[in-house]
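Start at 1 with the first residue, then count along the sequence. Not measured: the values here are computed from a predicted model.
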Amino acid sequence: MKKIFLFAMCASALNMAFAQEYDANDIEEDQVIGPDEQQIPNFLPEPIDTVDTDDKFVKIVLYNDKTWDYVDFGRPVINDNDLDTLFWNDKIHSYKDVPLSELPDEIDLMLVDSTHSFCAPIVGRITSRYSFRHGRNHNGTDVKLEVGDPVRAAFDGKVRVSEYSKRTGGYGNLIVLRHANGLETYYAHLSARNVQVGEIVKAGEIIGKGGNTGRSTGSHLHFEVRYHGQSFDAERLIDFQNGQLRDTLYTIKKHYFSIYSHYGQTDEESYAESQHKTYKIKPGDTLSGIAHKNGTTVGILCKLNGIKPTTVLRVGKTIFVR
């Protein structure tokens, strides 16, 4: 038997009115109420506990007058026909073979409506943003939390991946949800996973607990949002510090899928930054050789990357070539 957890999970709060409102204006003008006859409003019984059922969206609610009732918290309306099942598999990145060129220049995304809601996966301070760092892409937003803090589903969806650290690489314990609008959301470095593959989840449902697993320094949630496998800055959709969705309808432009395109940029700035080109250093590479391969000069490479012509190149590191 679990204590009532406020299933007032952000936007999907259950509007249960447990008390009748008492309005003095309802008393007729000629009705005289003496001190000993004051009317006290009759309150409905208060919920004191809940009991799980076989359906996680239905709870038995126990009241303080020793009565009980079934309460339906609302199963998300998700039709499997609305989900892109062509790339439904257990791979971490299931759309890996879908090139960016196949996506339209603009995509209109309905994020919430009358049947689908939103909840911030965690509310907190951002410790690392969507960016190119340390010679590699950081495709998500890191939000500070403590180990064991509840991590919630951002939108209604279906669990495509629920894996432990040994099978996810740097993600650690990972959950990936697929949503009917084509988005997928990633929840990484968890200490515990509460949902299984194929399970329907509701926005605001606790799907795991915060942790520090995988390639992680300090406990935090690494949160990614991807459209058909292409990542973009989650801050374009979510204000993590205030736990709010920035808009109900959002238009993604193709240049947003660049690691150099960030929330806060103008579209012109985003497009210009998206034109950056990188090169991963291979054994035997030299600056002059890389410059020749990419039609540029050593001087430009040094300026782009803040290095000197004598800088030792590290195999596997990525540098700008444009």
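- Leu109 and Ile252 get closest at one heavy-atom pair: CD1-CD1, 3.2 Å.
- Scanning both residues, Arg160 and Lys91, for their nearest heavy atoms gives NH1-O, 2.6 Å.
- No more than 12 heavy atoms of other residues, nucleotides or ligands shown are found within 6.0 angstrom of NZ on Lys280.
- Because its NZ or CZ atom is not both nearer than 6.0 Å to the ring centre of Tyr95 and within 45° of the ring axis, Arg226 does not count as a cation-pi partner of that residue.
- Remark: the backbone N or O of Gln244 is not paired with any side-chain donor or acceptor of Asp239 at under 3.5 angstrom.
- Looking only at side-chain heavy atoms (C-beta outward), Arg129 and His262 stay at 4.5 Å or farther from each other.
- Contact between Val147 and Gly211 at its shortest, heavy atoms only, is CG2-CA, 4.2 Å.
- Taking 4.5 Å as the limit, some side-chain heavy atom of Leu111 sits within range of a side-chain heavy atom of Tyr250.
- Side-chain N/O atoms of Glu224 and His222 include a donor and acceptor closer than 3.5 Å.
- Cluster annotation: Val161 and Val201 are assigned to distinct hydrophobic clusters (Ile/Leu/Val/Met/Phe/Trp/Tyr, side-chain heavy-atom contacts under 4.5 Å, transitive).
- Tyr186 and His93 have parallel rings, their planes meeting at less than 30° on a 0 to 90° scale where 60° marks the start of perpendicular.
- Contact of the Val159 side chain with the Leu177 side chain is registered, since non-hydrogen atoms from C-beta on lie closer than 4.5 Å.
- Ring-plane geometry between Phe257 and Tyr227 is classed as parallel, the angle between the planes falling under 30 degrees on a 0 to 90 degree scale with a further cut at 60.
- Side-chain atoms of Lys144 never come within 3.5 Å of backbone atoms of Gly218 as a donor-acceptor pair (strictly under, hydrogens ignored).
- A donor-acceptor contact under 3.5 angstrom links the side chains of Thr67 and Asp65, judged on distance only.
- In plain terms, the two heavy atoms of Thr115 and Asp156 that are nearest each other are O-OD2, 3.5 Å.
- Ring geometry, Tyr271 versus His255: the interplanar angle exceeds 60°, so the pair is classed perpendicular (tilted spans 30 to 60°).
- Of the possible donor and acceptor atoms, none in the side chain of Ser219 sits under 3.5 Å from a partner among the backbone N and O of Asn212.
- Both Leu287 and Tyr279 are assigned to one and the same hydrophobic cluster, defined by single-linkage of ILVMFWY side chains at heavy-atom distances under 4.5 Å.
- At a threshold of 4.5 Å between non-hydrogen side-chain atoms, the residues Asp90 and Val197 do not count as touching.
- Residues Tyr130 and Ser231 bring a donor and an acceptor atom of their side chains to less than 3.5 Å of each other.
- Counting heavy atoms from C-beta on, the side chains of Leu183 and Leu237 come closer than 4.5 Å.
- Judged purely by atom type and a 3.5 angstrom limit, Thr53 uses its side chain to pair as donor or acceptor with the backbone of Val58.
- Scanning all heavy atoms of the two residues, the minimum distance from Val151 to Lys209 falls at CG2-C, 4.1 Å.
- Counting heavy atoms from C-beta on, the side chains of Thr141 and Ile238 never come closer than 4.5 Å.
- Taking both residues in full, the closest heavy atoms of His179 and Glu184 are given as CD2-CA, 4.1 Å, listed atom of the first, atom of the second, then distance.
- Under a 3.5 Å cut-off, the side chain of Glu269 and the backbone N or O of Thr266 do form a donor-acceptor pair.
- In this structure, Tyr256 and Ser270 have side chains that are in contact, with non-hydrogen atoms separated by less than 4.5 Å.
- Around CZ of Arg167, the count of heavy atoms belonging to other residues, nucleotides or ligands within 6.0 Å does not exceed 12.
- In this structure, the side chains of Pro121 and Thr185 stay at 4.5 Å or more apart for every pair of heavy atoms.
- At most 12 non-hydrogen atoms from other residues, nucleotides or ligands lie less than 6.0 angstrom from NZ of Lys303.
- Electrostatic pairing of Lys59 and Asp52 counts as a salt bridge here, judged by a charged N lying under 4.0 Å from a carboxylate O.
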